[in-house]
Undergrad: 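Sending over a structure as structure tokens; questions will come in a sec.
Position 1 is the first residue of the sequence; numbering continues from there. Excluded from the calculations below are hydrogen atoms, water molecules and symmetry mates; all remaining heavy atoms, backbone and side chain alike, are included.
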Amino acid sequence: MKKDGRTSPETYYGHIHKLISLISLSKQGKYIMQNLTVIPCEGIGRNLFCRWLMPVGVIDNNGYNALLNNEIDNLTDLGFIQTDGYEKIMLHPLIQKVVLDDIKPGIVSCREMVENLKALFLLRNVDYSDRNYLFRLIDNITEYIEKDDVPLYIDFLNEAFEYAKKI
């Protein structure tokens with residue numbers, strides 16, 4: 001990890017990139033990693049994250065939720081996902097950069113999260129407890145993910161702006 005006696009972020013990045021390419025993440029693993037790239041650095045509650053990955057309006061019978069949690073456990077064991085004990089999960093910034101470069105999240109691949117956030121914005125009379133977190137999440141979505149479904153992206157932004165005007 002050192003070159004000429006010094007550690008460099010590029011060296012870490014190269015090793016993480018090679019590791020992710022060698023691991024062959026499952027479809028579920030890639031999906032989770034893509035969606036975690038937009039989560040602010042302080043992380044997100046594991047249960048809330050799993051709910052945001054569920055299709056809008058679907059009430060889980062713990063089948064899909066259990067599948068997501070098992071895959072989160074696997075990714076945590078591999079060291080890709082960090083946790084603050086149990087409740088909050090997040091990606092290390094270097095892993096986030098590799099995922100953004102290699103797996104390339106987009107509106108299509110993050111559809112459920114985008115749709116769930118849009119549904120939250122539509123409930124304009126509901127005050128989300130941490131508005132600053134929500135705005136950082138919106139910023140990350142606009143900055144990091146590919147706009148491969150422009151109508152959904154524009155609809156998402158319109159609802160986010162309407163929600164922001166309310167508060």
Undergrad: Are I89 and Q82 close enough that some pair of their side-chain heavy atoms sits under 4.5 Å apart?
TA: no
Undergrad: Once rounded to the nearest 0.5 Å, what's the spacing between atom CD of Q34 and atom CG of D102?
TA: 11.0 Å
Undergrad: With distance as the sole test, does Q96 use its side chain to make a donor-acceptor pair with the main-chain N or O of T37 at under 3.5 Å?
TA: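 Judged by distance alone, yes, a pair lies under 3.5 Å.
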Undergrad: Side-chain contact test, heavy atoms from C-beta onward, threshold under 4.5 Å: evaluate it for L117 versus I138 and give yes or no.
TA: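 No, too far: nothing below the 4.5 Å cut-off.
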Undergrad: I would like to know whether W52 and N35 meet side-chain contact (heavy atoms from CB on, under 4.5 Å); could you show each step before the answer?
TA: CA-CA 10 Å; W52 281 356; N35 281 278; over 6 Å; no
Undergrad: Same cluster or not: I154 versus Y163, using hydrophobic residues (I, L, V, M, F, W, Y) connected whenever any side-chain heavy atoms lie under 4.5 Å apart?
TA: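 No; Y163 is not reachable from I154 via cluster members.
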Undergrad: Going by heavy atoms in the side chains, are I39 and N140 under 4.5 Å from each other?
TA: no
Undergrad: Which heavy atom of K88 sits nearest a heavy atom of E42, and at what distance?
TA: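 What the structure gives for the nearest pair is CD-O, 3.5 Å.
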Undergrad: Using atom types as modelled and distance alone, determine if a side-chain donor or acceptor of E162 lies under 3.5 Å from a backbone N or O of F121.
TA: no
Undergrad: Nearest 0.5 Å, please: how far is CG in N47 from CD in E87?
TA: 5.5 Å
Undergrad: Between the side chain of N116 and the main-chain N/O of P55, is any donor-acceptor distance below 3.5 Å?
TA: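 No: the side chain of N116 does not pair with the backbone of P55.
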Undergrad: How far does CD1 of I107 sit from CE of M113, to the nearest 0.5 angstrom?
TA: 11.0 Å
Undergrad: For F156, is the NZ or CZ atom of K118 found under 6.0 angstrom from the centre of its six-membered ring and inside 45 degrees of the ring axis?
TA: no
Undergrad: Side-chain contact test, heavy atoms from C-beta onward, threshold under 4.5 Å: evaluate it for V108 versus R111 and give yes or no.
TA: yes
Undergrad: Are the side chain of Y31 and the backbone of S26 linked by a donor-acceptor contact shorter than 3.5 Å?
TA: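 Not a single qualifying donor-acceptor pair exists.
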Undergrad: For a 4.5 angstrom cut-off between non-hydrogen side-chain atoms, does L75 reach M33?
TA: yes
Undergrad: Ignoring hydrogens and geometry beyond distance, is a side-chain donor-acceptor pair present between R46 and N69 at under 3.5 Å?
TA: yes
Undergrad: Looking only at non-hydrogen atoms, find the nearest pair between I72 and C50 and report the distance.
TA: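 That closest heavy-atom pairing would be CD1-SG, 3.8 Å.
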Undergrad: In Å, rounded to the nearest 0.5 Å, how long is the span from NZ of K27 to CD of E71?
TA: 12.5 Å
Undergrad: Could you tell me whether a side-chain N or O of K147 sits under 3.5 Å from a main-chain N or O of T142, the two making a donor and an acceptor?
TA: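 Here the side-chain-to-backbone pair exists.
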Undergrad: Side chains of L91 and P93: does their closest heavy-atom pair fall under 4.5 Å?
TA: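 No, too far: nothing below the 4.5 Å cut-off.
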Undergrad: To the nearest 0.5 Å, how far apart are CD1 in I95 and CD1 in I81?
TA: 9.0 Å
Undergrad: Restricting to non-hydrogen atoms, name the atom on G43 and the atom on Y133 that form the minimum distance, rounded to 0.1 Å.
TA: O-OH, 2.9 Å
Undergrad: Do M90 and F135 share a hydrophobic cluster (ILVMFWY, side-chain heavy atoms under 4.5 Å, transitive)?
TA: no
Undergrad: Backbone N or O of D101 within a donor-acceptor pair of the K104 side chain at under 3.5 Å?
TA: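 Side chain of K104 to backbone of D101: a pair is present.
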Undergrad: Quick check: do V99 and F80 have side-chain heavy atoms less than 4.5 Å from each other?
TA: no
Undergrad: I need the L68 CG to M54 CE distance, nearest 0.5 Å.
TA: 7.5 Å
Undergrad: For P105, does its backbone N or O pair with a side-chain atom of S109 as donor and acceptor, under 3.5 Å?
TA: no
Undergrad: Has D148 got a side-chain atom pairing as donor or acceptor with G106's backbone, closer than 3.5 angstrom?
TA: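 It does not hold such a pair.
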